[in-house]
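One structure is given below, encoded as structure tokens.
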Amino acid sequence: MSGLVPVPEARARVLAGVAPLPAERVPLAAALGLVTAERIVARSPVPPFTNSAMDGYALRAADTAAPPARLRVVGLLLAGSHTEVPVGPGDAMRIMTGAPVPPGADAVCMVERVEVSPDGATVTIGHTLAAGDHVRRAGGDVAAGDEVFAAGTVLNAGALGVLAGLGDADVLVHRRPVVGVLSTGDELVEAPGALGPGQIHESNRTALLALVEQSGFVGVDLGVVGDDEHVVANALRDAARRCDAVVTSGGVSVGDRDVVKAVLGEISGGSMQWMQVAVKPAKPFAFGAIGDQQTPVFGLPGNPVSALVSFELFARPALRSMAGHRDLDRPVALAVADEPFARRRDGKVHLVRVEARLGGDGLVHVRSAGGQESHQLHAMARANALAVLPDGDGVAAGGRVDAMLLDAGSLGSAVAATAPGPRP
Ligand code: AMP
Ligand code: MG
């Protein structure tokens, strides 16, 4: 099939048209999922001082060389306190977890392993300790000058904790892209409006805004516009000023009223790329940049499944790139086809909406999620993966197939290798 653009090529063209958004400082509380825009180096060590890993007694390990050792209790150190009083030979100091190890001491004996005299004045230790036992060294987690995170790190809960532990209150990250979502079509009615003849309820905007949010971007609802060139042009120009990127659905096919394609071609100053991608669903796709800021516009097809698949293939990776991510795509697992996936040769990759589950064998297994036509959104709703069928005859039952995981967290956990408990 000549003229069809392979998916990787279409993806590459889109990625070439976007760049990471400028960096800004945000409070840690607002930074979950954002991507660092600079290398982060520890200015000071963590922990900041050598401290006890246990509730117990700080002592000199050499004093326990020939157990039992009877040591004199010379004080008490709570977390948050400190002392200049040294622990001398034959001394032990009661210490709580997190309290600084006093001068002279080089080990901590856990409280469970000492015998305290009735008057509390001495403790007896029946085993040998080595220097460093139950002691957390200053800088033992992060040393001053260490690179804590490279630029391009996605901030997860642990990373935010590390930054807080370094004493940072904010972090330099790429901005979360603000993404406008616009639906186009004369036949579209917003819920709960009643349908006239030939009309349908508009659904793409709701689903696309949800995908935008789920991907960690900020969605802006740009509403529904009819197939009118002036209205679409004004809506796009206005959106380009307010948003970092715009996602439209409908009007990019080869019909008489494919207005987005026409308007985007015009107002992008000829930079628009309109493609027939070698994929099913989601064949037509338009991409251009408009306005002073050269705001990227992703013109997705109108069929509800096509719109979501096109978003996954092209818009989401590009928006992730704008957000500073290095890892742009959904993970792909080599899965077992639990039923045959037949197809015809047509020059396109077929993406089949499937339910993917972890099986008792620890492998990902896939089954069709239902009707596979591009208007059949119900199967898309059931699907948590897209089975990738390259051009050819398909896959037999029991064969292997790539599965693009749209929601890796929904594979089920019954047999995960890391799950606690015995494996079946
Ligand atoms: P188009 O890409 O504009 O030719 O639309 C293709 C198909 O998708 C048509 O059947 C449209 O009615 C339908 N469609 C377009 N936009 C939407 C939408 N926002 N919600 C639901 N269906 C839509
Ligand atoms: Mg239309």
Side-chain angles (χ1 to χ4, degrees), residues 3-5 10 14 179-214 219-236 238-239 243 245-268 272-288 297-316 348 351 353 370-383:
L4 292 183
V5 180
V14 172
V179 183
V181 177
L182 177 73
S183 284
T184 72
D186 281 337
E187 73 281 28
L188 304 176
V189 173
E190 275 186 72
L195 299 180
Q199 295 185 319
I200 60 167
H201 282 126
E202 194 280 319
S203 62
N204 288 349
R205 210 168 31 116
T206 302
L208 288 169
L209 281 168
L211 263 186
V212 163
E213 294 286 340
Q214 192 198 62
V220 175
D221 184 353
L222 300 174
V224 184
V225 294
D227 292 314
D228 177 294
E229 300 212 359
H230 285 292
V231 176
V232 170
N234 284 338
L236 285 181
D238 177 53
C243 305
V246 183
V247 172
T248 68
S249 69
V252 293
S253 197
V254 287
D256 292 339
R257 297 300 297 267
D258 282 318
V259 169
V260 173
K261 187 172 91 177
V263 169
L264 188 57
E266 210 175 288
I267 64 179
S268 68
M272 179 188 72
Q273 308 206 40
W274 179 76
M275 298 172 240
Q276 300 266 57
V277 184
V279 65
K280 182 182 171 186
K283 184 169 76 161
F285 174 66
F287 175 69
V297 179
F298 304 91
L300 313 182
N303 275 308
V305 177
S306 306
L308 299 188
V309 169
S310 189
F311 183 90
E312 290 286 350
L313 293 179
F314 308 119
R316 189 173 179 278
K348 298 181 211 157
L351 299 176
R353 275 70 78 203
Q372 296 291 329
E373 288 181 49
S374 59
H375 66 288
Q376 293 178 309
L377 194 54
H378 198 195
M380 186 75 185
R382 260 195 303 274

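Indexing begins at 1, ligand by ligand and atom by atom, following the structure's order.
Here the rule is side chain to side chain contact (heavy atoms under 4.5 Å, CB included) with Pro301, and of Ser249, Ser310, Ser253, Ser374 only Ser310 fits it.
The neighbour count for His201 NE2, taken as heavy atoms of other residues, nucleotides or ligands under 6.0 Å away, is above 12. Other residues, nucleotides and ligands contribute only 12 or fewer heavy atoms inside 6.0 Å of the NZ atom of Lys280.
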Can you give each donor-acceptor pair under 3.5 Å made by side-chain atoms of residues 187-200, sequence neighbours left out, with the distance rounded to 0.1 Å?
from   : atom 1 : to     : atom 2 : distance (Å)
Glu190 : OE1    : Arg205 : NH2    : 3.2
Gln199 : OE1    : Gly196 : N      : 2.6

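Annotation: Phe287 is not in aromatic contact with Phe314 [ring centroid separation under 6.0 Å not met].
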Check each N or O atom of ligand 1 against all protein N or O atoms and list the pairs under 3.5 Å, with atom names and distances to 0.1 Å, one per line.
from     : atom 1 : to     : atom 2 : distance (Å)
ligand 1 : 2 (O)  : Gly302 : N      : 2.9
ligand 1 : 3 (O)  : Gly251 : N      : 2.9
ligand 1 : 8 (O)  : Gly302 : O      : 3.2
ligand 1 : 8 (O)  : Asn303 : N      : 3.1
ligand 1 : 12 (O) : Glu187 : OE2    : 2.5
ligand 1 : 14 (N) : Gly302 : O      : 3.2
ligand 1 : 19 (N) : Ser183 : OG     : 3.4
ligand 1 : 19 (N) : Glu202 : OE2    : 2.8
ligand 1 : 19 (N) : Asn204 : ND2    : 3.4
ligand 1 : 20 (N) : Ser203 : N      : 3.0
ligand 1 : 20 (N) : Asn204 : N      : 3.4

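Using modelled atom types, one side-chain atom of Glu213 and one backbone atom of Gly219 make a donor-acceptor pair closer than 3.5 Å.
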